[in-house]
Each structure stands twice: as structure tokens, then as C-alpha cells.
Visitor: 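Below are the C-alpha cells for one structure; questions will follow.
Since this is a predicted model, take the numbers as computed values, not measurements. The figures that follow rest on heavy atoms only: side chains count, while hydrogens, waters and symmetry mates do not.
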Amino acid sequence: MGSCAQGFMLGCCLLLAITWGPVLSLVPRVQEEQQEWEETEELPSPLDHVTRPEETQEKYSPRQGEDLPTSRCYRCCDPSTPVYQTIPPPQINITILKGEKGDRGDRGLQGKYGKIGSTGPRGHVGPKGQKGSIGAPGNHCKSQYAAFSVGRKKALHSMDYFQPVVFDTEFVNLYEHFNMFTGKFYCYVPGIYFFSLNVHTWNQKETYLHIMKNEEEVVILYAQVSDRSIMQSQSLMMELREEDEVWVRLFKGERENAIFSDEFDTYITFSGYLVKSASEP
């Protein structure tokens, strides 16, 4: 009986120790927090702040050559926290870091051409140059151009012999290669020429002419007898040599042959010009 009672009492004690042990361990921690809270209430408010002696003293700044004091940690709420001056960042002398001048680089590509500017004012007339040297002698009595165009204002009737048609009106006579007195074109520039002959026929009469090369009949211009007069023409190209002659010949009077014209209008024309010189390639 007695042993059972002791065992029951021991079990109750163990149960109390397990249950209230953690609660009793929190009591000292609560007392410490209450003590710290009372200390903070005793600190003066910001409005009642009194200047501390260390705030009136000159802030510490290290002198040249003096080692900085060993830093230590402080709490922000500690009244004796020292005030440190902000240390400026170090200045670097760039001239010390500047290197030597490098080698010259390669030449770059040429840029695009700019726009063409406006034409500038005309400059002053320069001094007269020296007389040039004498050129090579040319070929006398020769020219690379030849052309003529002549007309006749008088009618012409055939006779018992052949007669050249002489012209009295000169339209073009380049270098005087056509002789107005003989009615002949003289070739001074060998080559290929074009010739054209235009006449007006006479009514009730025959028209019979030849374009001659030297004494050779080349082409004929012919019109039969008719009750009315008309314009007739003939043209051709010939290759001439130097000193060749080209002219118009009226046929002799075996037939009644005539060409018409008057003093007011030109009905008869004869023209020719050089197409290509023989000296040209």
C-alpha cells in the first residue's frame, strides 16, 4: 500500500515538471525585455535633444601621412556613436597614364565626289601667245569639197551644130570650179559626184539634150513634141578623175529642138556636188 502511494506521488511530480518546465524558462527572458524597454523610455526625445560635447568638437580627419584609426562597429542607438567625415574618392592623374604617340594609320578610301558647282565668272583675257611654226605645205589647186548650182533665164533653139548650154545665173559655185563662160564643171577633187539637170520644154517642139563627160555622151534628157510645155529632169552619179569636164549639150538642128525660159523666172537649172572624195578611205 505504502509503495503504491509513493509511486503515484513520483509520477505526479514528473508530469508537473514536463508541463511547466518550458513556461518557467520564459520568465527570465521576459524580465530582460521589460528592463530594456524601460531604459529606452528614459532616453530624451528629439525635441529635448541637448548638444553633446563631442558634437561641438572638430570632426576628425586624418592628416597626410597619418594612418587611419582602426574601425569598429557601433549601434545606431548608441549615444556615443562617433561621426565620421565622408572620405572623397581618390583622384587619378590621367597624364601619368597617357601612353606614347602611335604610328600613323593607313590611308582610308576615297569618298564620293561632290555635286558639280556652278560655273564661275569668265576670267581675264590672257596675253597673246607667240607665233606658231609654219605648217606642212598643202596640195595646190585641190579641195576636199566641191559643189555648184547654176541657172539660165534665156530660151535656147538648136542650130546646125551641137552647142553647149551656157548659164547666166549663179546660185552656188564653191571654189569657182564651174566656169560660167564655157558652161563646164572642171574636176579638181577626184571622187564620186551627183549631177542634176532640169529644163522646161517648148510646146510643139522637141527637147533633146545630153549630160556630157568630156566628149562622151553619158545620159539623155528627152521630151517628145506636145501641145503643152512641161518640166523635165535628169540626174545621175559619176566617178570623176582630176581635170574631167562635165557639161550640158543641146542636140544639133536635124530636128526642131528647143528649151524654154524667160527673163522673169528661171526654168533651166544644172547642179552637182561631191559625194565622196577619192582620198577618203
Visitor: Can you get from V218 to L274 by hopping between Ile, Leu, Val, Met, Phe, Trp and Tyr side chains that sit under 4.5 Å apart?
Guide: yes
Visitor: Measure the OG-CH2 distance between S226 and W202 for me, rounded to the nearest 0.5 Å.
Guide: 15.0 Å
Visitor: Rounded at 0.5 Å granularity, tell me how far CD1 in I230 sits from CD in Q224.
Guide: 9.5 Å
Visitor: Locate the shortest heavy-atom distance separating L156 from Q163; write the atom from each residue and the value.
Guide: CD1-OE1, 3.8 Å
Visitor: So which heavy atom on W247 is nearest to which on G183, and how close?
Guide: CB-O, 3.6 Å
Visitor: Does I211 share a hydrophobic cluster with M237, counting links as ILVMFWY side-chain heavy atoms below 4.5 Å and allowing steps through other members?
Guide: no
Visitor: Do Q232 and Y222 touch side chain to side chain, with heavy atoms closer than 4.5 Å?
Guide: no
Visitor: Run the numbers on L197 and V199 for side chain to side chain contact (heavy atoms under 4.5 Å, CB included), then give the verdict.
Guide: CA-CA 7 Å; L197 175 63; V199 299; 4.2 Å; yes
Visitor: Hey, mind stepping through I259 and T201 against side chain to side chain contact (heavy atoms under 4.5 Å, CB included) and telling me if it holds?
Guide: CA-CA 5 Å; I259 51 178; T201 63; over 6 Å; no
Visitor: Taking side chain as C-beta onward, heavy atoms only, is M212 less than 4.5 Å from V246?
Guide: no
Visitor: Mind running side chain to side chain contact (heavy atoms under 4.5 Å, CB included) on S229 and H200 for me, showing each step along the way?
Guide: CA-CA 7 Å; S229 60; H200 193 277; 2.9 Å; yes
Visitor: Is there a continuous path of hydrophobic side-chain contacts, each under 4.5 Å between heavy atoms, that joins V150 to M238?
Guide: yes
Visitor: Between K213 (side chain only) and E217 (backbone N and O only), is there a donor and an acceptor less than 3.5 Å apart?
Guide: no
Visitor: Is there side-chain contact between E242 and P190, with at least one heavy-atom pair below 4.5 Å?
Guide: yes
Visitor: Do you know which two heavy atoms are closest between F171 and T269, and how far apart they sit?
Guide: CE1-CG2, 4.4 Å
Visitor: So R249 and E215, do their side chains get closer than 4.5 Å, heavy atoms only?
Guide: no
Visitor: Under the side chain to side chain contact (heavy atoms under 4.5 Å, CB included) criterion, do Q144 and S279 qualify, and how do the steps go?
Guide: CA-CA 9 Å; Q144 297 301 316; S279 61; 3.2 Å; yes
Visitor: Please confirm whether Y188 and Y175 have ring centers closer than 6.0 angstrom.
Guide: no
Visitor: How long is the straight-line distance from OG of S158 back to CG of N257, given to the nearest 0.5 Å?
Guide: 5.0 Å
Visitor: What pair of heavy atoms forms the shortest contact from K205 to A258, and how long is it?
Guide: CD-CB, 3.9 Å
Visitor: Is it true that, when you exclude K184 itself, more than 12 heavy atoms of the residues, nucleotides or ligands shown sit nearer than 6.0 Å to its NZ?
Guide: yes
Visitor: Nearest heavy-atom pair of Y145 and L174: which atoms, and what distance?
Guide: CB-CD2, 3.7 Å
Visitor: Can you confirm whether more than 12 heavy atoms, excluding those of E239, are under 6.0 Å from its CD atom?
Guide: no
Visitor: Are I268 and L236 co-members of a hydrophobic cluster defined by side-chain heavy atoms under 4.5 Å apart?
Guide: yes
Visitor: For F148 together with F270, are the ring centres under 6.0 Å from each other?
Guide: yes
Visitor: Kindly confirm or rule out a cation-pi arrangement of R152 over F167, judged by NZ or CZ under 6.0 Å from the six-membered ring centre and within 45° of its axis?
Guide: no
Visitor: Quick check on the hydrophobic clustering: are V165 and L221 connected, directly or via other members, by side-chain heavy-atom contacts under 4.5 Å?
Guide: yes
Visitor: Q234 and S196: side-chain donor and acceptor closer than 3.5 Å?
Guide: no
Visitor: Would the Y193 and F185 ring centres measure less than 6.0 Å apart?
Guide: yes
Visitor: How about CD on E263, more than 12 heavy atoms from neighbouring residues, nucleotides or ligands closer than 6.0 Å, or not?
Guide: no
Visitor: Is the Y208 ring parallel, tilted or perpendicular to the F251 ring (thresholds 30°, 60°)?
Guide: parallel
Visitor: Report the distance from atom OG of S277 to atom CD1 of I192, rounding to the nearest 0.5 Å.
Guide: 10.0 Å
Visitor: Given the side-chain rings of Y186 and H177, with only the six-membered ring counted for Trp, is the space between their centroids under 6.0 Å?
Guide: no
Visitor: So, does D262 use its side chain to make a donor-acceptor pair with the main chain of F264 at under 3.5 Å?
Guide: yes
Visitor: Main chain of A223, side chain of T207: is a donor-acceptor contact present, judged purely on distance under 3.5 Å?
Guide: no
Visitor: If you compare all heavy atoms of K153 against all heavy atoms of D265, which two are closest, and at what distance to 0.1 Å?
Guide: CG-O, 3.9 Å
Visitor: Say whether Q204 and D227, considering side chains only, have a donor N or O and an acceptor N or O under 3.5 Å apart.
Guide: yes
